[in-house]
Amino acid sequence: MIVTIDGVAASGKSSVSGGVARALGVPYVSSGLLYRAATGLGLEAAVDLHDAPALLSHLQSHPLRLEPLAAGNRVWQGGRELTGELHSTRVDRGVSVVAALPEVRAWVDAQLRALPSPFVAEGRDMGTNVFPRAGAKFYLTASPHIRAVRRAQERPEDVPAIEAALVRRDELDRVQSAPAPDAVVIDTGPLTLDGVIQTILAQLPAQLTSA
């Protein structure tokens, strides 16, 4: 049992995935947190984020471990938890560069495919590339302005600046982030968080909800 929830940046994927996972009694898996951790480690070590071999070598010598929980994912490097450091503007600016590197994407995909199901997987290409045979697929979207307003509630930044950054991020992520042909696309703009979660739960196949 695997449910994939993909979508654009700041579309609510993590909150929605956590809610769906809790309703189903399974973990949720945040692929984005692994990309953020890879970016954070690269920045910390002053690795050129465009240099895939150098970054991958650093990741292999400093292995990351994703801890998927329904209440929220955590990521570790050895005995050090990195989770709280990964939602910064600095990491925001670098993560699209890192996520576009095929070598890093393959590394992240291998980490995710090694996890035991059942789970809810959220990211950019979970339904298209990582788990193409998932039992149910969803794709979340919303206008850049709505996403910026939501993100501004979490960070002390101006809405126009966040919106401009999201538009740039959408362009950078365009290749990786697209709905699977069999995904249900949900505009989260007019919906509450619980409304999105209930919309997804209502459309899950019966064999998934009873698994």
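In this chain, numbering begins with 1 at the start of the sequence shown.
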key: S14 OG to I5 CD1 distance, which is reported to the nearest 0.5 Å   = 10.0 Å
ask   = According to a 4.5 Å side-chain heavy-atom criterion applied to Ile, Leu, Val, Met, Phe, Trp and Tyr, with indirect links allowed, do V29 and W76 form part of one hydrophobic cluster?
value = no
task = Please determine, by modelled atom types, if R150 and T188 share a side-chain donor-acceptor pair under 3.5 angstrom.
result = yes
remark   = Apart from V159 itself, its cluster of hydrophobic side chains linked below 4.5 Å comprises V149
message = Apply side-chain contact (heavy atoms from CB on, under 4.5 Å) to residues L201 and L24 and explain how you reach the verdict.
response = CA-CA 9 Å; L201 292 174; L24 296 176; 4.2 Å; yes
key: hydrophobic_cluster_shared for Y35 and F131, side chain cutoff 4.5 Å   = yes
query = Which atom names give the shortest non-hydrogen contact between P68 and P27, and what distance separates them?
reply = O-CB, 3.6 Å
key: Which residues share a ring-ring contact (aromatic ring centres under 6.0 Å, His included) with H62, sequence neighbours left out   = H58
request  = Apply side-chain contact (heavy atoms from CB on, under 4.5 Å) to T141 and R147, showing your working.
outcome  = CA-CA 9 Å; T141 187; R147 289 182 280 142; 5.8 Å; no
query = Are Y139 and V8 close enough that some pair of their side-chain heavy atoms sits under 4.5 Å apart?
reply = yes
query = What is the distance from atom CD of E122 to atom OG of S11, rounded to the nearest 0.5 Å?
reply = 8.5 Å
inquiry  = When you compare the side chain of L55 with that of D51, does any pair of heavy atoms fall below 4.5 Å?
reply    = no
Validation: residues 104-113 side-chain donor-acceptor distances under 3.5 Å, sequence neighbours left out:
residue	atom	partner	partner atom	Å
R105	NH1	A99	O	2.6
R105	NH2	D125	OD1	3.1
R105	NH2	D125	OD2	2.8
D109	OD2	N129	ND2	3.0
Q111	NE2	W107	O	3.4
R113	NE	V130	O	3.2
R113	NH2	N129	O	3.0

ask   = Any chain of hydrophobic side-chain contacts (each under 4.5 Å) joining L166 to I146?
value = no
task = Using the side-chain contact (heavy atoms from CB on, under 4.5 Å) rule, take L64 and L82 through it: C-alpha gap first, then chi angles, then the decisive distance, then the call.
result = CA-CA 9 Å; L64 295 168; L82 304 178; 3.6 Å; yes
message = Does H145, at its NE2 atom, have more than 12 non-hydrogen atoms belonging to other residues, nucleotides or ligands within less than 6.0 Å?
response = no
ask   = Out of curiosity, does V185 fall in the hydrophobic cluster containing L140 (side-chain heavy atoms, cut-off under 4.5 Å, transitive links)?
value = no
inquiry  = What's the separation between atom CZ in R169 and atom CG in D92, rounded to the nearest 0.5 Å?
reply    = 6.5 Å
ask   = Same hydrophobic cluster for V120 and V184, using side-chain heavy-atom links shorter than 4.5 Å among ILVMFWY?
value = yes
key: Whether S57 side chain and P53 backbone form a donor-acceptor pair below 3.5 Å   = no
ask   = Between the main-chain N or O of V75 and the side-chain N or O of T83, is there a donor-acceptor pair closer than 3.5 Å?
value = yes
Shortest non-hydrogen separation from S31 to G123 and the atoms involved = OG-CA, 3.2 Å
request  = Measure the CD-CZ distance between E85 and R80 for me, rounded to the nearest 0.5 Å.
outcome  = 4.5 Å
inquiry  = Within the 4.5 Å heavy-atom criterion, are L43 and L49 side-chain neighbours or not?
reply    = yes
query = Do D158 side-chain atoms and P160 backbone N/O form a donor-acceptor pair below 3.5 Å?
reply = no
request  = Work out which heavy atom in G127 is nearest to a heavy atom in T4; give both atom names and the distance.
outcome  = CA-OG1, 3.6 Å
query = Rounded to the nearest 0.5 Å, what separation is found between the CG atom of D170 and the OG atom of S96?
reply = 9.0 Å
message = Using side-chain contact (heavy atoms from CB on, under 4.5 Å), reason through F138 and Q203 one step at a time and then give a plain yes or no.
response = CA-CA 10 Å; F138 300 88; Q203 297 190 61; 4.1 Å; yes
inquiry  = Just verifying a value: how many Å separate D6 CG and K137 NZ, rounded to the nearest 0.5 Å?
reply    = 9.0 Å
